[in-house]
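Remember, predicted model here, so these are calculated numbers, not experimental data.
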Amino acid sequence: MADPGKAEGAQRGVPLLLPGPPMSLLLVGLGLLMLAGQAAALIEGLYCGRQVCYDVLGVSRDASKADIARAYRQLARKYHPDRYRPGEQSEEASEKFILVATAYETLKDEDTRKDYDYMLDHPEEHYRHYYHYYSRRLAPKVDVRLVVLVTVCAISLFQFYSWWSSYNDAINYLATVPKYRIQAAEIARQQGLLNKAKEKGKSRRSKEEIRQEEEEIIKDIIKNKIDIKGGYQKPQIYDILFFQIILFPYYLFKYISWYVWWIYTFNIKREEYGETEKLYLIRKNMKMSEAQFDSLEDHRKEKFLEQQLWIRENFEVYRQEQEEEMKQKLASDPRWKRYRRWMKNEGPGRLTFVDD
């Protein structure tokens, strides 16, 4: 049996209403949801704040760089503060100009624009938006590689200057050490640098000038003629930080090659150590740097070789003997006795008015 209501509606030409909302309401609802999501994505303090940067410039999300730049120039001319007299209208134009500039700075850069679009599409990821925004905003404007290069160069220059200053101080000190001074004076006499004839007439110099010239000659001979080892060596430009970084791959390859050669020669083939290898092992046992070991006298190195200190057992015996000898020296030293007596009677934490 037919429904009277439906039949009557069909006869009058009225469209039948099916259950559920019409398509227009669905579209409106989707639009409102999109606007709500976009509004939720807008965070105060990030990019354009509560406003959409595309809407500020009046462009769509698929606008090109040229369209964004064109819209920015038009709005910048319109809202530039110089076009307005001081007052409320000028302040409003200034705020709009700043907002337009912020929108342009956000959309002109591809990476920043991608982050902004992602924020509009994913409003729930607040922490990610904050991180990307401030990481780009606080990133250094200058290339980090350039900063590192300038820093390394500055450190290298300071390093080389300080080394040369210390080297000159060391030469001045060695010129007062009898061992080096006598040796340098002997070389100067052999070369005829100190046996010049006495000057007469107007060209005659004072004794102070002659003494200063002799000092410079002796220092120059100590620098160039005498083999100075250890911490008094002349600074080399390849020792500064800049060249050490550049040559690091070479030094690393050299060390690995040397280590492989050492293992193959002395651990696998069981060959005997040479003098250079023996001195190397002695230096390692003594825990001395290469500069410290080079500063030792040659006769001490020969004595180390005679005692066979590259063998660990012999070195342990030598170390114990040195410790016993040092204890005996300290026990017989009157200053050490006074110090021990003071530590026993007074101690470092007591207040005393005794002069000694």
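Scanning all heavy atoms of the two residues, the minimum distance from R283 to E290 falls at NH1-N, 3.4 Å. Residue R83 comes nearest to K78 through the heavy atom pair NH1-CA, 3.5 Å, listed as atom of the first residue, atom of the second, then distance. Of all non-hydrogen atoms in A184 and I221, the two that sit nearest each other are O-CD1, 3.6 Å. The minimum heavy-atom distance between D239 and W163, with the atom names listed, is O-CH2, 3.3 Å. Closest non-hydrogen pair, K96 versus Y79, comes out as CD-CE2, 3.3 Å. What you find for L75 and L57 is that their closest heavy atoms are CD1-CA, 3.6 Å.
For N285 (side chain) and L309 (main-chain N/O), a donor-acceptor pair under 3.5 Å exists by modelled atom type. Panel note: side chain Q307, backbone Y318; no donor-acceptor pair is recorded below 3.5 Å. Without hydrogens or angle criteria, S135 side chain to H132 main chain gives a donor-acceptor distance under 3.5 Å. Judged purely by atom type and a 3.5 angstrom limit, Y104 has no side-chain atom pairing as donor or acceptor with the backbone of A76. E277 contributes a side-chain N or O that, together with a main-chain N or O of G274, makes up a donor-acceptor pair within less than 3.5 Å. Side-chain N or O atoms of N172 include one that pairs as donor or acceptor with a backbone N or O of N168 at under 3.5 Å.
Aromatic ring centroids of W164 and Y161 lie 6.0 Å or more apart. Centroid-to-centroid, the aromatic rings of Y273 and W262 come within less than 6.0 Å.
Between Y54 and D62, the side chains place no donor N or O within less than 3.5 Å of an acceptor N or O (distance only, hydrogens not considered).
A salt bridge links E316 with R312: at least one charged nitrogen is closer than 4.0 Å to a carboxylate oxygen.
When the side chains of ILVMFWY residues are joined at heavy-atom separations under 4.5 Å, either directly or via intervening members, Y264 and F253 end up in two distinct hydrophobic clusters. Note on F266: it clusters hydrophobically with W258, by side-chain heavy-atom contacts below 4.5 Å among ILVMFWY residues. The cluster map of Ile, Leu, Val, Met, Phe, Trp and Tyr, joined by side-chain heavy atoms under 4.5 Å apart, puts L305 and Y280 in the same cluster.
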| task | Give the intermediate values and the outcome of side-chain hydrogen bond (donor to acceptor under 3.5 Å, both in side chains) for residues S64 and D67. | result | CA-CA 5 Å; S64 63; D67 296 336; 3.1 Å; yes

| Residue pair M119, Y47: steps toward the side-chain contact (heavy atoms from CB on, under 4.5 Å) verdict | CA-CA 10 Å; M119 186 186 76; Y47 304 106; 3.9 Å; yes

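Annotation for Y251: atom OH counts as buried by contact number, over 12 foreign heavy atoms lying within 6.0 Å. E124 CD: more than 12 foreign heavy atoms inside a 6.0 Å radius. Around CD of E275, the count of heavy atoms belonging to other residues, nucleotides or ligands within 6.0 Å does not exceed 12. Around CZ of F160, the count of heavy atoms belonging to other residues, nucleotides or ligands within 6.0 Å exceeds 12.
Judged by the 6.0 Å and 45° rule, R128 forms a cation-pi pair with Y118.
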